[in-house]
> 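Let me begin by handing over the structure; questions about it come next.
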Amino acid sequence: MKINHHLDESTLVSYVAGSLSQGMALVVATHISLCEKCRESVIETEAIGGALLEQMDSSEISDTSLETILSQLDEEPIAEPEKGVTDQSDGLVPPPLRSYIGESLDSINWRRLAPGFAYVDIFTEGAGVCRLLKVSPGKSILPHGHRGSELTLLLRGSFSDEIGRFAQGDIADLDDQVEHQPLVDKDQGCICLVATDSPLRFTTLLGKLLQPVTGF
Ligand SMILES: [Zn+2]
């Protein structure tokens with residue numbers, strides 16, 4: 001699996017600090033289970049956080065503390081991340097998701113949303129939503145912006161939007177500055193795991209009218 005789109009640093013820091021919503025943390029954990037690069041970043045972020053906490057215990061943090069810690073970390077080899085990246089070519093669900101939707105992408109109990117769209121809810125509590133979305137080949141998702149953040153992890157298939165092309169394992173980590181309209185590639189439908197931390201802001205009348213139906 002060649003992953004081209006990764007988590008933002010700010011999302012990684014929030015994840016390590018435990019301040020993401022349950023749904024967004026699940027999307028991050030699932031991407032990390034597939035992505036060696038982001039897994040290494042998490043280990044690094046945890047090390048920085050731990051070192052900062054130690055400093056806070058002993059004395060006040062000076063302006064140069066972070067710099068010192070970073071240079072120390074450069075000298076220390078980063079712990080080898082766990083091996084065993086999930087191979088998804090056979091439709092296996094990544095481990096963090098299995099207790100929610102089972103082990104196979106092919107035996108999910110989909111609920112129909114609209115022609116070409118189906119979903120399974122994972123978390124619906126709190127301000128955001130976390131759900132699995134299946135979109136048919138060639139379909140486009142209505143253009144929308146975000147009031148908060150949106151994480152979209154591709155588990156199968158691919159789509160393109162204003163930012164680029166996203167394929168299996170890629171994560172679209174979007175903040176409230178981005179408006180986009182993902183278009184699913186024509187050769188294969190896509191399955192993605194999506195979490196938002198507040199309702200989406202649809203930019204077309206059709207999107208606004210459908211919002212109560214789409215649930216985002
Ligand atoms: Zn990554």
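Reckoned from all heavy atoms, side chains included, excluding hydrogens, waters and symmetry mates. In each ligand, atom 1 is the first atom listed, and ligand 1 is the first ligand listed.
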> For the Zn ion (ligand 1), report each protein N, O or S atom nearer than 2.8 Å, sorted by chain and then by residue number.
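Checking every protein N, O and S atom gives H6 ND1, H31 NE2, C35 SG, C38 SG.
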> Do the non-hydrogen side-chain atoms of I32 and L7 ever get within less than 4.5 Å of each other?
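In contact.
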> Can a side-chain donor-acceptor contact be found between S21 and D197 if the only test is distance below 3.5 angstrom?
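No, S21 and D197 have no side-chain donor paired with an acceptor closer than 3.5 Å.
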> Quick check: do C130 and Q22 have side-chain heavy atoms less than 4.5 Å from each other?
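No, side chains not in contact.
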> Could you pull out all donor-acceptor pairs under 3.5 Å where a side-chain atom in residues 108-115 meets a protein atom, sequence neighbours excluded?
none

> Should R165 and D185 count as side-chain neighbours, where that means a heavy-atom distance under 4.5 Å?
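Result yes, sub-4.5 Å side-chain heavy-atom pair found.
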> Are the side chains of I163 and L174 in touch, meaning some heavy atoms are under 4.5 Å apart?
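When only atoms from C-beta onward are counted, L174 and I163 do touch, with a gap below 4.5 Å.
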